[in-house]
Amino acid sequence: MKKFFYEITLIILMALIFPLQLLSSVNLDDETIVKIHYLGHSSFVLQFDNGITVVTDHGHFNAWIDYGWNSPIHSFNDLVPDVMTFSHFHADHYDSTRIPEGVTYVLSEFDSLTINGLEIKPVRTCEESIVRESNSSYIFKYKGLTICHLGDAQAQIIQIENETVRNRIQEIIPDSLDLFFMTIEGTSQFTEQAEMFVDLLKPKRIIPMHYWSTQSKRLFLLQLTKQNVSEVKYTIENLNTSIYDLELNESFESIKVIDLTRSSFTGFTSVDKEENRPFKYKLNQNYPNPFNPNTKIMYSIPHQTDVKIRVFDVLGCELATLVDERKSAGNYDLTFNASQLPSGIYIYQLITNEFTQSKKMILLR
């Protein structure tokens with residue numbers, strides 16, 4: 001028993017004096033910074049590469065069906081997002097019964113949030129003449145990019161030719177949008193005004209949303225195509241999918257309009273539809289921990305790369321190389337046998353060309 005308490009005390013002391021430099025920094029994949037899934041109406045799933053997942057405007061399952069329209073808002077199923085944002089409290093934008101237990105942050109009206117390098121700020125729209133409640137559009141800033149979810153800015157779009165409205169929009173919405181979730185239909189059809197709104201802000205990318213029928217979306221896209229006759233102002237991408245990858249580095253000669261379908265969320269897949277491809281690098285905590293003498297180490301690779309997994313003691317001396325080979329994208333696990341090692345704290349490390357992460361594990365005999 002004395003030996004047991006001695007080993008526990010030794011492990012605690014070693015943890016306190018463990019050299020911090022062994023805990024290497026994390027370098028996330030710079031290609032796709034957010035994956036986007038369109039649920040319908042104004043509702044999206046946004047999964048940022050810092051691990052934060054946001055669901056926007058998850059309202060009644062059939063928005064405005066009582067008015068004869070059919071704008072379904074599909075389910076995000078078993079996902080429990082970290083954040084949910086709501087532009088306002090109309091039933092087609094907000095339904096409290098569809099907020100799952102476990103959501104950490106629910107933002108509405110004037111709520112803002114900064115987490116893991118992601119800044120979420122509201123800007124108030126539809127305050128001047130809309131007959132229903134005012135609403136907040138949300139600005140997402142991350143890794144130097146700016147994304148705007150326009151919410152339900154019907155009043156401003158309908159009145160965009162009014163100089164006061166134009167000045168107000170330019171005042172509250174950033175002038176360099178990397179992605180614009182764009183309202184294209186409201187209480188009346190305003191296809192031409194929606195295009196004027198786009199021309200005012202000149203975002204790099206647009207995802208049309210908040211339309212009550214596929215016909216209204218087609219009319220909007222036709223309006224943009226018509227304007228391309230003499231000058232290529234828009235590039236329309238019909239991806240025939242509900243998912244879009246927003247990449248960090250991309251050149252633009254015209255505004256890219258991304259036409260997404262609406263569907264339930266069943267998890268993200270890669271562009272090449274490879275099943276179970278992870279969204280980002282990840283090194284999981286070993287299990288069990290503490291262990292004796294076997295433990296499992298699980299890790300994820302988002303694309304093909306050279307992979308090393310090594311084990312060190314607390315002084316930084318390498319004890320074992322568990323993996324040293326090129327791996328395809330996927331989720332992996334291995335079993336580490338420490339039968340030749342004494343009790344103590346050990347460090348295991350995942351290393352690729354783009355990413356390094358270390359974690360502690362405790363061998364307790």
If we ignore angles and hydrogens, is there a donor and acceptor under 3.5 Å between the side chains of Ser87 and Asp152?
no
Take Thr295 and Asn286, measure what side-chain hydrogen bond (donor to acceptor under 3.5 Å, both in side chains) needs, and give me the verdict at the end.
CA-CA 6 Å; Thr295 189; Asn286 65 300; 3.0 Å; yes
For Ser42 and His93, the nearest pair of non-hydrogen atoms, with its separation, is OG-CE1, 3.3 Å
Nearest-0.5 Å distance, OH of residue Tyr38 to CD1 of residue Ile36
12.5 Å
Can we say Glu195 and Lys233 salt-bridge, meaning some charged N sits less than 4.0 Å from an Asp/Glu carboxylate O?
yes
When you measure from the centre of the six-membered ring of Phe110, is the NZ or CZ of Arg124 under 6.0 Å away and within 45° of the axis?
yes
Say whether, by atom type as modelled, one donor and one acceptor occur between the side chain of Asn162 and the main chain of Val165 under 3.5 angstrom.
yes
Any chance the rings of Tyr211 and Phe220 have centres within less than 6.0 Å?
no
Report yes or no: does His37 contribute a side-chain atom to a donor-acceptor pair with the main-chain N or O of Ser264 at less than 3.5 Å?
yes
What I'd like to find out is whether the side chain of Ile52 reaches to under 4.5 Å of the side chain of Ile115, using heavy atoms alone.
yes
With a 4.5 Å heavy-atom cut-off, do Met84 and Pro100 have their side chains touching?
yes
Can you establish whether the number of heavy atoms outside Lys256 located under 6.0 Å from its atom NZ is more than 12?
yes
Ignoring hydrogens, what is the shortest heavy-atom contact between Ile158 and Gln193? Give both atom names and the distance.
O-CG, 3.8 Å
Counting N and O atoms only, with roles assigned by atom type, does the side chain of Thr241 sit under 3.5 Å from a partner on the main chain of Leu260, one being a donor and the other an acceptor?
no
Taking all heavy atoms of Phe197 and all of Gln156, pick out the closest pair and write down the distance.
CE1-CB, 4.0 Å
Show the numbers, then the answer: is there a ring pair (Phe, Tyr, Trp, His ring centres under 6.0 Å) between His149 and Tyr138?
CA-CA 5 Å; His149 183 281; Tyr138 277 93; 7.8 Å; no
Closer than 3.5 angstrom, by distance alone: can the side chain of Ser43 be matched with the main-chain N or O of Leu39 as a donor-acceptor pair?
no
How about Thr125 and Asn135: does a side-chain donor come under 3.5 Å of a side-chain acceptor?
yes
Which atoms form the tightest heavy-atom contact between Ile255 and Pro203, and what is the distance?
CG1-O, 3.3 Å
Within a 6.0 Å radius of atom CZ on Phe252, are there more than 12 heavy atoms belonging to other residues, nucleotides or ligands?
yes
Could you check whether Lys327 makes a cation-pi contact with Tyr332, meaning its NZ or CZ is under 6.0 Å from the centre of the six-membered ring and within 45° of the ring axis?
yes
How close do Ile157 and Thr183 get, counting heavy atoms only, and between which atoms?
CD1-O, 3.5 Å
For a ring pair (Phe, Tyr, Trp, His ring centres under 6.0 Å) with Phe181, tell me which candidate from Phe140, Phe44, Tyr244 qualifies.
Phe44
Worked check of side-chain contact (heavy atoms from CB on, under 4.5 Å) between Val55 and Leu79
CA-CA 10 Å; Val55 171; Leu79 173 70; 4.3 Å; yes
Taking atom CD of Glu171 as the centre, report whether more than 12 heavy atoms of other residues, nucleotides or ligands fall under 6.0 Å from it.
yes
Other residues, nucleotides and ligands only: do more than 12 of their heavy atoms fall within 6.0 Å of CD on Glu325?
yes
Which one of Leu145, Ile207, Leu46 satisfies the side chain to side chain contact (heavy atoms under 4.5 Å, CB included) criterion with Leu246?
Leu145
Beyond-backbone contact of Met182 with Met209, side-chain heavy atoms, under 4.5 angstrom
no
Donor-acceptor contact present, side-chain Asn331 to main-chain Ser300, <3.5 Å
no
Is there a donor-acceptor pair closer than 3.5 Å between any side-chain N or O of Asn337 and the backbone N or O of Ser339?
yes
Paired with Val54, the side chain to side chain contact (heavy atoms under 4.5 Å, CB included) test is passed by just one of Leu113, Val83, Val34, Val45, namely Val83
Distance in Å, Ile184 CD1 paired with Leu221 CG, rounded so as to fall on 0.5 Å steps:
6.5 Å
Between Ser254 and Thr235, do the side chains contain an N or O donor and an N or O acceptor separated by less than 3.5 Å?
yes
To the nearest 0.5 Å, what is the distance between CD1 on Ile139 and CD1 on Ile172?
8.0 Å
Could you tell me the separation between the CG atom of Asp78 and the CZ atom of Phe265, rounded to the nearest 0.5 Å?
10.5 Å
Are any of the side-chain nitrogens in Arg166 or Glu163 under 4.0 Å away from the carboxylate oxygens of its partner?
no
Any side-chain heavy-atom pair from Asp175 and Leu201 closer than 4.5 angstrom?
no
Main-chain N/O of Asp199 paired to Lys202 side chain as donor or acceptor, under 3.5 Å
yes
Going by the angle between their ring planes, with limits at 30° and 60°, are Tyr94 and Phe86 parallel, tilted or perpendicular?
perpendicular
For a quick test of reading the model, state the closest non-hydrogen atom pair linking Asn289 to Gln285 and the distance between them.
ND2-NE2, 3.4 Å
Grouping I, L, V, M, F, W and Y whenever their side-chain heavy atoms are under 4.5 Å apart, do Leu319 and Ile351 come out in a common cluster?
no
side-chain contact (heavy atoms from CB on, under 4.5 Å) for Thr85 and Thr56? Distances and angles first, verdict last.
CA-CA 5 Å; Thr85 64; Thr56 66; 3.4 Å; yes
Could Asp49 and Lys143 be called an ion pair, given the rule that one side-chain N must be under 4.0 Å from one carboxylate O?
yes
If Ile, Leu, Val, Met, Phe, Trp and Tyr residues are connected whenever their side-chain heavy atoms lie under 4.5 Å apart, and connections chain through other members, are Tyr287 and Leu341 in the same group?
no
For the residue pair Val311 and Glu318, establish whether any side-chain heavy-atom pair is separated by less than 4.5 Å.
no
Please round to the nearest 0.5 Å and tell me the distance separating atom CD of Glu185 and atom NE2 of His41.
9.0 Å
From Cys148 SG over to Asp178 CG, what is the distance, rounded to the nearest 0.5 angstrom?
11.5 Å
Consider only side-chain heavy atoms of I, L, V, M, F, W and Y, link residues closer than 4.5 Å, and tell whether Tyr234 and Leu222 are in one cluster.
no
Could you check whether any side-chain N or O of Gln159 sits under 3.5 Å from a backbone N or O of Ala155, counting only pairs where one atom can act as donor and the other as acceptor?
yes
If you define the side chain from C-beta out and look only at heavy atoms, does anything of Ile173 sit under 4.5 Å from Leu150?
yes
Do Tyr281 and Met298 sit in the same hydrophobic cluster, where Ile, Leu, Val, Met, Phe, Trp and Tyr count as joined when their side-chain heavy atoms come under 4.5 Å apart?
no
Checking the side chain of Thr321 only, and the main-chain atoms of Val323 only, is there a donor and an acceptor separated by less than 3.5 Å?
no
Count I, L, V, M, F, W, Y as connected when their side-chain heavy atoms are under 4.5 Å apart, and connections chain through other members. Are Ile73 and Leu107 then in the same cluster?
no
Taking Thr335's backbone N and O only, do any of them form a donor-acceptor pair with Asp333's side chain (distance below 3.5 Å, no angle check)?
no
Evaluate the side-chain proximity of Arg98 to Phe61: yes if any heavy-atom separation is below 4.5 Å, no if none is.
yes
Are any non-hydrogen side-chain atoms of Leu363 and Phe291 less than 4.5 angstrom apart?
yes
His58 vs Phe76, ring pair (Phe, Tyr, Trp, His ring centres under 6.0 Å): CA-CA, chis, key distance, verdict:
CA-CA 9 Å; His58 200 239; Phe76 52 84; 4.5 Å; yes
